[in-house]
Amino acid sequence: MNTTPSKTTTPSTTTPPAGTTDPAEGAADAATEDATGQDTTGQDATAKDPLAKDATGTPSDAADAADATTASDDLADRTAEADDADDEDLEPDPFTEARHGVGAGAAAVVSAALGVVALTGAWTGRVAAERETLIGQIKTSGGGSAAQQISEIYGDAWHTTALVNGVFAVLALLVGVFVLVRPAFGVPSERPQPAWVRAVALAGVALGALGVLISVGMYFDLFAALPTAGAPAAG
């Protein structure tokens with residue numbers, strides 16, 4: 001009979017070397033992961049690589065893209081509005097076009113009308129001539145020579161008519177010249193003076209100059225001298 005006690009085997013409690021993993025701890029970690037139902041591998045990878053989350057298309061990227069698109073649209077709208085405003089500024093205003101040259105045209109017409117009046121005579125000239133005739137008759141009613149009667153009754157009325165017509169002619173000449181030289185003075189205009197305005201003003205200047213010449217000739221008896229009374233025949 002063997003009385004030698006049997007050798008009992010005890011588990012090894014020796015600490016594993018550094019850098020090695022204890023199989024018991026690995027099993028415990030696996031059990032813990034299975035119990036919680038979570039995988040920490042993906043979280044660790046995401047924490048180590050922040051760009052991995054952005055690569056998946058985060059809402060911040062979409063918001064930045066939307067802001068950039070909105071800013072570009074706003075800039076395009078402002079540019080279009082500025083272009084429209086410039087086009088409106090360049091387009092001529094129809095009311096301005098209608099008013100352009102109205103004053104000058106009216107003055108040109110007045111000049112031509114005054115020139116016509118200077119050549120044909122006005123009622124003011126006839127009234128003034130009749131007044132001088134009446135004054136001459138009053139002066140010679142008490143007696144006077146024939147030459148004096150001709151001068152007082154006829155000559156003064158003739159000269160008065162020439163003087164009134166000459167005044168109208170000078171006015172026509174001045175107004176026409178003013179219309180022609182007006183663009184050279186004052187604020188320069190963006191558009192030239194209409195052709196019809198210059199034409200009518202030239203007509204007024206021509207009629208005025210002609211009226212002045214005729215009036216001067218009438219006043220100084222250049223075209224026709226006053227009639228003279230013959231000497232009375234001897235008895």
Side-chain angles (χ1 to χ4, degrees), residues 96-235:
T96 303
E97 290 288 340
R99 291 193 300 267
H100 177 62
V102 171
V109 172
V110 169
S111 174
L114 289 174
V116 173
V117 171
L119 293 178
T120 59
W123 67 270
T124 54
R126 291 193 298 270
V127 170
E130 292 174 357
R131 181 176 181 276
E132 291 296 329
T133 301
L134 180 59
I135 293 174
Q137 290 176 354
I138 294 174
K139 289 182 178 179
T140 59
S141 61
S145 62
Q148 184 181 3
Q149 291 179 357
I150 293 174
S151 176
E152 294 290 340
I153 298 175
Y154 179 77
D156 290 348
W158 176 268
H159 296 159
T160 301
T161 302
L163 182 61
V164 173
N165 292 342
V167 171
F168 280 100
V170 171
L171 290 177
L173 184 62
L174 292 178
V175 174
V177 171
F178 173 78
V179 173
L180 293 177
V181 302
R182 175 63 181 83
F185 300 94
V187 180
S189 178
E190 297 179 357
R191 293 172 295 277
Q193 194 177 59
W196 70 270
V197 174
R198 295 194 299 270
V200 176
L202 284 173
V205 170
L207 293 175
L210 183 60
V212 169
L213 293 177
I214 294 176
S215 298
V216 169
M218 289 176 59
Y219 189 83
F220 292 101
D221 299 328
L222 299 179
F223 302 128
L226 290 176
T228 56

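Excluded from the calculations below are hydrogen atoms, water molecules and symmetry mates; all remaining heavy atoms, backbone and side chain alike, are included. This one's a predicted model, so the numbers in the text were calculated from it and none came from an experiment.
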Got a donor-acceptor contact below 3.5 angstrom from the Thr133 side chain to the Ala129 backbone?
-> yes
Out of Val200, Val197, Val175, which residue meets the side-chain contact (heavy atoms from CB on, under 4.5 Å) rule with Val109?
-> Val200
If you look only at pairs with a residue in residues 130-152, which of them pass as a salt bridge (Lys or Arg N to Asp or Glu O under 4.0 Å), with sequence neighbours excluded?
-> Lys139-Glu152
Distance (rounded to the nearest 0.5 Å) between Thr140 OG1 and Ile135 CD1 | 12.0 Å
Pair up each side-chain donor or acceptor in residues 155-172 with any protein partner under 3.5 Å, not counting sequence neighbours, and list the distances.
| residue | atom | partner | partner atom | Å |
| --- | --- | --- | --- | --- |
| Trp158 | NE1 | Met218 | O | 3.0 |
| His159 | ND1 | Gly155 | O | 3.3 |
| His159 | NE2 | Tyr219 | O | 3.4 |
| His159 | NE2 | Asp221 | OD1 | 3.1 |
| His159 | NE2 | Asp221 | OD2 | 3.4 |
| Thr160 | OG1 | Asp156 | O | 2.7 |
| Thr161 | OG1 | Ala157 | O | 3.0 |
| Asn165 | ND2 | Thr161 | O | 3.4 |

Calculate, to the nearest 0.5 Å, the distance between atoms CG and CG belonging to Leu202 and Leu180 respectively.
-> 5.0 Å
For residues 112-120, dump all side-chain donor-acceptor pairs below 3.5 Å to protein atoms at least two apart in sequence or in another chain.
| residue | atom | partner | partner atom | Å |
| --- | --- | --- | --- | --- |
| Thr120 | OG1 | Val116 | O | 2.9 |

